[in-house]
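Only heavy atoms go into these numbers, but all of them, side chains included; no hydrogens, no water, no symmetry mates. Here is how names work: the chains are called A, B, and so on, in the same order as the sequence lines, proteins then strands, and each is numbered from 1.
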Amino acid sequence: MPEILEIEYYRLLAETALGREILSIEADQLASKRLETGIALTDIFSGLRFVAARRIGKLLVFDTEGPCFGLRFGMTGGLVVDGVAAIKGLTYGSESIEEKWVRARVTFQDGGTLALHDPRRLARVLVDPDEEALGPDALSLTLTQLKTALKSRGEGPALKARLLDQSAIAGIGNLLADEMLWRAALSPLRGAATLSEPELRRLHRHLRVTLDELFKRGGSHTGDHMEARHPGGMCPKDGQAFFRQAVGGRTTYWCPKHQS
DNA sequence: AGTCGTCCTCGGCCGC
DNA sequence: TGCGGCCGAGGACGAC
């Protein structure tokens, strides 16, 4: 599924769409779910150009000389520009690009296109997305920002739930959260606000290294714990049987022996 | 404030 | 072997 790393690959591809005059934008009803009804995307953007492709967490934002055009990719969304896909396949997505799964399409004056491809239809098209609702971006997260993100009145929610909270930190998804907690030897069930100073520094270090390494490897599914991410999986570090349980509403695999 | 259910579809797996 | 059917996966968001 696309997490921050995949969206960064999309953003790099999206730069090939900059500076080209927009002819039309179409999006199906579900992809347009969060848009004001009655205003056609083409009416808003026709004649404009994308002048920058930015990313905040998992949100991709195109600046124009008018409103911003935003894309959220949900679970299986992918970006295709001029027929070229940003990445081959997603862990839970389809390996192939099919026309019937194109949910939105920008057509440029030069005949090229930028398409939102999404078999499972949780991706959305946005106009002037609310960037203020997102926390600091995970790829450039400082230790101070991490501490702020984990603060709470009491013990706070489960650590993993807070890591997944896009208003606290933008960009971390289910696989990355499990991988960095596994590397940092922290239980996903720990209260977010209960980490000691050394634990905060350790989590911050592993957060940065995890994102850096997995970006170079090719995505959020290339983590070291992935091989054991299935029922009956054993921790690659110590051979302990992984726990599998829902934390923060998401399926979580973690090692009860070395994560505490 | 924090947790849970829902959206949406498809791939994978079960059993016959 | 083939097929029908069910389950679970993910991110965002609204409801409680």
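Shown for residues 148-160 of chain A: residues whose heavy atoms fall under 4.0 angstrom of DNA chain B, namely A:S152, A:G156, A:P157. Using a 4.0 Å cutoff on non-hydrogen atoms, the parts of residues 242-256 of chain A near DNA chain C are A:R244, A:R250, A:T251, ordered by number.
The interatomic distance linking A:D165 (CG) with B:dG2 (C1') rounds to 10 Å, in whole Å. Taking atom CG on A:L164 and atom P on B:dT3, their separation rounds to 12 Å, with Å as the unit. One can place CZ of A:R103 at 11 Å from P of B:dC8, the figure rounded to the nearest angstrom. Here B:dT9 presents its P atom at 10 Å from CG of A:D118, a figure rounded to the nearest Å. Between the P atom of B:dT3 and the CZ atom of A:R162 lies a distance of 9 Å, rounded to the nearest Å. One interatomic measurement links the two molecules: CG of A:L189 to P of B:dG2, which rounds to 16 Å at whole-angstrom precision. Taking atom NZ of A:K100 as the reference point, atom P of B:dC8 lies 18 Å away to the nearest angstrom. One atom, NE2 of A:H221, and another, P of B:dG11, lie 17 Å apart when rounded to the nearest Å.
Evaluation of the salt bridge (Lys or Arg N to Asp or Glu O under 4.0 Å) test over residues 191-202 of chain A, restricted to residues two or more places apart or in two chains, returns A:K147-A:E197, A:R190-A:E199, A:E197-A:R201. For residues 185-217 of chain A, the set of pairs meeting the ring pair (Phe, Tyr, Trp, His ring centres under 6.0 Å) definition, not counting sequence neighbours, comprises A:Y9-A:F215. Legend: ring pair (Phe, Tyr, Trp, His ring centres under 6.0 Å) pairs involving residues 34-53 of chain A, not counting sequence neighbours, sorted by first then second residue: A:F45-A:F69, A:F50-A:F62, A:F50-A:F69. Residue pairs meeting the salt bridge (Lys or Arg N to Asp or Glu O under 4.0 Å) criterion with at least one partner in residues 159-171 of chain A, sequence neighbours excluded, are A:K160-A:D178.
Using a cutoff of 4.0 Å between basic side-chain nitrogens and carboxylate oxygens, A:R20 and A:D110 are scored as salt-bridged. Ion pair A:E26/A:R103 not flagged as a salt bridge, since none of the NZ, NE, NH1 or NH2 atoms sits closer than 4.0 Å to an Asp/Glu carboxylate oxygen. A salt bridge links A:K216 to A:D212: one of the charged nitrogens lies within less than 4.0 Å of a carboxylate oxygen.
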Solution key, residues 133-141 of chain A side-chain donor-acceptor pairs under 3.5 Å, sequence neighbours excluded:
{"from": "A:D137", "atom 1": "OD1", "to": "A:R55", "atom 2": "NH1", "distance (Å)": "2.7"}
{"from": "A:D137", "atom 1": "OD1", "to": "A:G57", "atom 2": "N", "distance (Å)": "2.6"}
{"from": "A:D137", "atom 1": "OD2", "to": "A:R55", "atom 2": "NH2", "distance (Å)": "3.1"}
{"from": "A:D137", "atom 1": "OD2", "to": "A:L139", "atom 2": "N", "distance (Å)": "3.1"}

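Residue A:R72 places its side chain closer to C:dA12 than to any other of C:dG8, C:dA12, B:dG2.
By the rule that hydrophobic residues join a cluster once side-chain heavy atoms approach within less than 4.5 Å of another member, A:I44 and A:F108 end up as members of one cluster.
Rounded to 10 degrees, the angle separating the terminal axes of the helix from B:dG2-C:dC16 to B:dC16-C:dG2 is 50°, with each axis obtained from five end pairs.
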Protein N or O to nucleotides 14-16 of chain C N or O, pairs below 3.5 Å:
{"from": "C:dG14", "atom 1": "OP1", "to": "A:R34", "atom 2": "NH2", "distance (Å)": "3.0"}

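Remark: A:W101 is in phosphate contact with B:dC10, judged by side-chain N or O atoms under 4.0 Å from OP1 or OP2. Residue A:K33 places no side-chain N or O under 4.0 Å from the OP1 or OP2 atom of B:dC7. For the OP1/OP2 pair of B:dT9 and a distance below 4.0 Å, the side-chain nitrogens and oxygens of A:R121 include at least one atom meeting the criterion.
Remark: A:D43 engages no residue in a salt bridge (charged side-chain N to carboxylate O under 4.0 Å, His left out) (not counting sequence neighbours). Residues forming a salt bridge (charged side-chain N to carboxylate O under 4.0 Å, His left out) with A:E213 (at least two apart in sequence, or on another chain): A:R183, A:R217. Under the salt bridge (charged side-chain N to carboxylate O under 4.0 Å, His left out) criterion, A:R205 pairs with no residue, sequence neighbours left out.
Residue A:L30 is classed as a sugar-phosphate contact, given heavy-atom separations below 4.0 Å to backbone atoms only.
In terms of modelled atom types and a separation under 3.5 Å, the side chain of A:E3 and the main chain of A:G173 share a donor-acceptor contact.
There is no side-chain donor-acceptor pair under 3.5 Å between A:Y253 and A:R229.
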